[in-house]
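Notes for the one structure printed next.
Positions are given from 1 along the sequence. These numbers were taken from a predicted model, which means no experiment stands behind them.
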Amino acid sequence: MSGRPEEAIRHYRQATSLWRQAGDRRGEAATIGIINNRLGRSADAEGQAREAFELHKHLQDEYGAANSLGTLALACRRRRRYPEAIGHCREVLRLCRKLGLRSLEADTLGELAVTFAENGETQAASTAIAQALALVDELGSPGSTGGLLNDRGTALRLLGEPHAALDRHLAALAAANDPYQLALAHWGAALTQGTTELAAGHREQARALFHRLGVPIDARP
């Protein structure tokens, strides 16, 4: 999501309307899935992503299938169905490597790292995030950097390394060009600093950004 934070969700909703007017159920379902994930409606996001995936699969649209599976993986992780989320991420990676979708591959490796970390798979999480960052370095893809730094920070915090996690979230604050990732960076920085005054400042900035985006605070990854 780029542009002004308060307009981000509205842009997705406008896209949904355009897909609907065009009679493209694939685009409509996929976009609604993204909106619902951003708004923390994981069950709804899962249903829309599954529908979009089946439509893409039926039409042999592997690019669309990869993106829909990515939305589905996030929804499953948020519902703590980790093996299923990991399986979806791996299928996205297979499609990315087949189709040459390197940026999506990097983003998916970041999501996979967080999923592994939440599931207590320390080594797998470390390997996935290292692969993601190496790919970003190779591609020189600044658009993905903020999200991947946040993913790495989240993974490190879940793995019990709060100081290293804080470094990544602070780096994400400088790199993020997406207001949602900026909010996540502030939130991640707050979580790694406990009840300090600095944590409170990051928490308030995160809350303000989430509010402007229309994202419930409990919808954060």
Side-chain angles (χ1 to χ4, degrees), residues 1-20 27-49 52 67-68 70-75 77-79 103-104 106-107 110-111 114 118 136 141-158 162 165-221:
M1 286 186 183
S2 59
R4 289 180 293 174
E6 62 272 19
E7 294 185 351
I9 296 294
R10 182 169 63 82
H11 287 163
Y12 272 124
R13 287 176 172 150
Q14 288 174 339
T16 301
S17 178
L18 290 171
W19 286 122
R20 186 177 295 124
E28 181 184 350
T31 306
I32 292 173
I34 293 170
I35 292 171
N36 283 325
N37 259 339
R38 287 283 171 112
L39 294 178
R41 302 168 184 161
S42 299
D44 291 337
E46 180 181 347
Q48 294 293 342
N67 280 281
S68 296
T71 302
L72 184 56
L74 174 56
R77 172 170 69 79
R78 286 181 170 171
R79 303 187 78 188
S103 182
L104 180 58
D107 290 341
E111 171 63 21
V114 175
E118 287 189 9
V136 169
S141 302
S144 296
T145 304
L148 285 169
L149 285 167
N150 276 327
D151 284 343
R152 189 172 189 186
T154 299
L156 287 167
R157 177 176 56 80
L158 291 167
L166 176 60
D167 288 344
R168 302 314 187 279
H169 288 305
L170 293 178
L173 285 175
N177 60 2
D178 174 336
Y180 183 71
Q181 291 298 337
L182 188 62
L184 292 181
H186 279 299
W187 189 255
L191 290 176
T192 61
Q193 295 181 86
T195 58
T196 66
E197 186 175 337
L198 286 173
H202 284 299
R203 189 172 289 107
E204 286 308 307
Q205 291 186 71
R207 288 182 186 278
L209 283 166
F210 281 132
H211 177 73
R212 290 169 65 190
L213 285 165
V215 176
I217 197 66
D218 61 358
R220 64 191 182 281

To the nearest 0.5 Å, atom CZ of R78 lies from atom CG of L74 at 4.5 Å
Rounded to the nearest 0.5 Å, what's the gap from CD on E118 to OG1 on T154? Could you check? 8.0 Å
Heavy-atom nearest pair, A206 first then A183, reads CB-O, 3.6 Å
From H169 atom NE2 to L184 atom CG, the distance as rounded to the nearest 0.5 Å: 8.5 Å
Without swapping roles, check the side chain of E204 against the backbone of A200 for a donor-acceptor pair under 3.5 Å. no
Closest heavy-atom contact between A185 and A172? CB-CB, 3.9 Å
Verdict with supporting geometry, L170 and H202, side chain to side chain contact (heavy atoms under 4.5 Å, CB included): CA-CA 10 Å; L170 293 178; H202 284 299; 4.1 Å; yes
Ignoring hydrogens, what is the shortest heavy-atom contact between L149 and A175? Give both atom names and the distance. CD1-CB, 4.1 Å
Look up atom CG in N150 and atom CG in L173, then write down how far apart they are to the nearest 0.5 Å. 7.5 Å
Would you check if L182 and H186 make a side-chain contact, meaning some heavy-atom pair closer than 4.5 Å? yes
All heavy atoms of T192 vs all of A165, minimum pair found to be CG2-CB, 3.7 Å
Could you state the interatomic distance from CD (Q193) to CZ (R203), rounded to the nearest 0.5 Å? 9.0 Å
Test R168 against L156 for side chain to side chain contact (heavy atoms under 4.5 Å, CB included), laying out the working first. CA-CA 9 Å; R168 302 314 187 279; L156 287 167; 3.8 Å; yes
If I compare all heavy atoms of L158 with all of V114, which pair ends up nearest, and what's the gap? CD1-O, 4.3 Å
Taking the six-membered ring for Trp, are Y180 and F210 parallel (under 30°), tilted (30 to 60°) or perpendicular (over 60°)? perpendicular
Rounded to the nearest 0.5 Å, what separates atom CH2 in W187 from atom CD in Q205? 12.5 Å
